[in-house]
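These numbers were taken from a predicted model, which means no experiment stands behind them. Computation of the quantities below employed the complete heavy-atom set of this structure, encompassing side-chain atoms and omitting hydrogens, waters and symmetry-equivalent molecules. One-based numbering, in listed order, for ligands and for the atoms of each.
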Amino acid sequence: MVKKYTYGSPFYTGAVIEDIKAEISAIPYFEVSSDDGISFEFKMHNKDIVYGLGEATRGINKRGYVYNSYCSDDFCHMETTRSLYGAHNFILIEGEKTFGAFFDYPTKITFDIGYTKADTLKVYCDKADIDVYIIEGETPIEIVKSFRKIIGKSYVPPRWAMGYMQSRWSYYTSDAVREVARNYRKEGIPLDAIFLDIDYMEKYKDFTVSSERFGDLPELIAEMKEEGIRLVPIIDAGVKIEEGYDVYEEGLEKGYFCVDKDGKPFSAGVWPGLTHFPDFLNEEAGLWFGLKYKALTDLGIDGFWNDMNEPAIFYSEKGIERFYEKLSEITNGDKSVENYNKIKDIVNSLQNSQEDYNSIYHNVDGKLVKHNDIHNMYGYKMTECTAKALEKIRPHERTLLFSRASYVGMHRSAGIWTGDNFSWWSHILLELKQLPALNMCGFLYVGADLGGFGCDATRDLVLRWLGLGIFTPLMRNHAALCTRDQECYQFENPEDFKNIIELRYRLLPYLYSEFLKCAENNEMFFKPLGFEFNDDEMARNCEDQLFVGNELMIAPVYTQNAIGRYVYLPEDMKAVRLKENGKLEFEDMAKGHHFVEIPLNEVVFFLRKGKCIPLAKSALSTDAMDFDALELIGYEGAKYELYTDDGINSDLTKVEKKILNN
Ligand code: MIG
């Protein structure tokens with residue numbers, strides 16, 4: 001049961017696609033105050049758990065901190081970071097009262113979940129123009145389903161995009177890409193895609209290819225396809241200002257770029273130098289940009305990642321002018337600490353500044369709208385436009401697409417990756433905690449940079465991270481400029497990596513089938529234990545284990561030097577252990593607490609009581625796999641409903657369903 005409560009005149013975000021009439025009665029659960037902007041207060045009971053907020057820091061239970069939904073390019077994901085790249089304003093309270101609430105509001109909104117007052121959940125924003133949806137149901141699972149129904153079905157990637165993928169900022173030349181492929185194949189490690197980061201372009205210009213470094217891109221694409229490896233280029237939001245560059249010239253001529261208050265295209269410095277931002281809030285402009293992807297699909301590309309679409313701004317043209325003015329005022333040889341601090345502040349104020357976000361305007365149906373009033377919709381609309389255009393360009397096949405910035409609603413068009421994490425052990429756990437929250441908002445195709453983006457990775461970290469990554473739909477190893485190489489073959493005993501990644505491929509029929517089910521039925525691929533075991537206090541409080549689909553539970557190791565970990569089984573289960581030779585060992589385990597030893601080169605997961613799952617034979621890529629030759633593992637007499645298709649067709653009504661008996 002979903003009810004909508006409208007305050008003021010909200011900006012239409014398109015997050016909710018069902019036409020729901022606003023209630024006249026007062027909103028339940030919350031006390032509303034509109035003295036200053038608007039706020040919603042709920043008194044939390046001692047044992048209530050607050051789930052949600054998608055891509056956010058801290059726990060599965062979000063109590064005890066304050067979060068801002070405000071799409072931010074912040075590469076340092078710390079416990080105290082309040083905003084990441086996505087804005088996912090859905091919360092689910094489970095306890096004394098159980099209900100969900102979605103705050104459909106296109107810019108900064110704050111969720112104070114017991115931070116100011118331990119028992120008070122307060123949601124507030126600056127303008128009293130907002131739609132709030134209250135979702136009721138018997139269980140958290142039912143509530144999420146009802147919410148997902150009103151926001152529409154989730155994006156389904158091609159099956160190959162659930163293979164293992166390798167990335168790095170950057171593989172600078174086509175030969176560097178060849179070398180990655182060669183090394184993976186030499187070690188016999190499965191690999192389905194290699195990513196092209198910004199350096200494949202000519203001077204970071206979208207839809208161009210460096211003739212010097214990637215002059216043979218068409219041949220490279222063909223060669224890689226032979227090997228079962230796809231190339232996935234990045235597209236950035238900003239368009240380089242350069243005479244003769246068609247995207248810039250056309251955009252300028254047609255008035256497709258965001259403007260400043262005087263109606264001049266807004267200029268900001270990002271990777272290409274000074275750029276303009278396409279106005280993705282203007283549908284015509286968005287579609288125009290989207291159709292540009294054809295330059296790459298024409299070469300045989302069938303996947304993309306959209307980046308820098310918060311949008312990320314290093315500095316604006318106006319901002320840097322102000323910067324030099326301020327700097328000239330204080331560059332007087334003063335050696336005081338005060339002066340030093342002033343310089344630091346001036347420099348730091350350049351990037352992603354509020355002043356800039358306040359001086360950008362969009363053209364929405366002929367009306368100028370200030371960017372900061374709709375900030376959280378920019379990356380969402382960019383990616384939605386991309387998806388719509390790709391449907392025109394490649395109507396029969398699904399295209400891989402994921403984005404960095406996002407808002408609820410974008411889940412219909414693409415997946416997301418969780419941005420610039422670090423090679424930190426705590427970021428393995430952070431990913432685990434984000435996964436179910438992302439699913440609540442419809443983002444099913446999700447994953448983090450495996451091995452960590454920033455900082456130097458260690459062999460054990462990458463192996464342990466893979467222990468979680470083999471279960472995430474998006475499974476990509478990615479690393480930043482100047483960090484230690486972290487492709488699997490860079491480390492000692494690559495066969496350990498091979499064995500674990502092969503397990504991913506063996507699990508693919510199951511993972512893909514569960515993914516299709518979740519997309520069709522608005523279900524969660526990753527569930528917190530408390531979602532299935534509401535009355536079990538241990539399960540409700542478990543912050544480091546998840547259900548994957550309906551059959552599995554995972555409990556990854558996320559501590560360095562650990563010989564294993566404590567695992568809580570909310571019911572009897574069958575532990576499945578991947579041994580170093582690829583053999584699987586099974587052990588029946590009783591409901592309760594266990595210490596499970598898990599050597600670095602093994603993976604353990606758990607089959608739920610009475611269930612079974614299909615396994616395939618691994619291959620070097622998904623293209624080379626036989627998805628029909630399946631073996632079942634699990635409890636005797638169990639059945640599994642398999643969803644399957646050719647892995648690529650856009651028409652999801654072609655998905656076949658069959659019952660497999662163990
Ligand atoms: O300012 O394209 O999150 O994955 O490697 C950094 C370079 C821009 C940020 C993305 C990251 C990517 C990087 N990009």
- Message: What verdict does the side chain to side chain contact (heavy atoms under 4.5 Å, CB included) test give for D496 and F491, after you've listed the backbone C-alpha separation in whole Å, the side-chain angles of each residue and the deciding distance to 0.1 Å?
- Response: CA-CA 10 Å; D496 290 341; F491 300 104; over 6 Å; no

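- Remark: side-chain polar atoms of S359 are paired, donor with acceptor, to backbone N or O of E355 under 3.5 angstrom.
- A salt bridge does not link K370 with D373: every distance from a Lys NZ or Arg NE/NH1/NH2 to an Asp or Glu carboxylate oxygen is 4.0 Å or more.
- The main-chain N or O of D73 is never found under 3.5 Å from a side-chain atom of E310 such that the two would form a donor-acceptor pair.
- The contact shell of ligand 1, taken as protein residues with any non-hydrogen atom closer than 4.0 angstrom, comprises W169, D197, I198, I234, W271, W305, D307, M308, R404, W417, D420, F453, H478.
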- Going through the distances and angles, do F497 and L463 end up as a side chain to side chain contact (heavy atoms under 4.5 Å, CB included)? CA-CA 7 Å; F497 293 83; L463 278 171; 3.7 Å; yes

Can you give the donor-acceptor pairs under 3.5 Å from side chains of residues 442-450 to other protein atoms, not counting sequence neighbours?
residue : atom : partner : partner atom : Å
Y445    : OH   : A161    : O            : 2.7
D449    : OD1  : W417    : NE1          : 3.3
D449    : OD1  : R476    : NH2          : 3.0

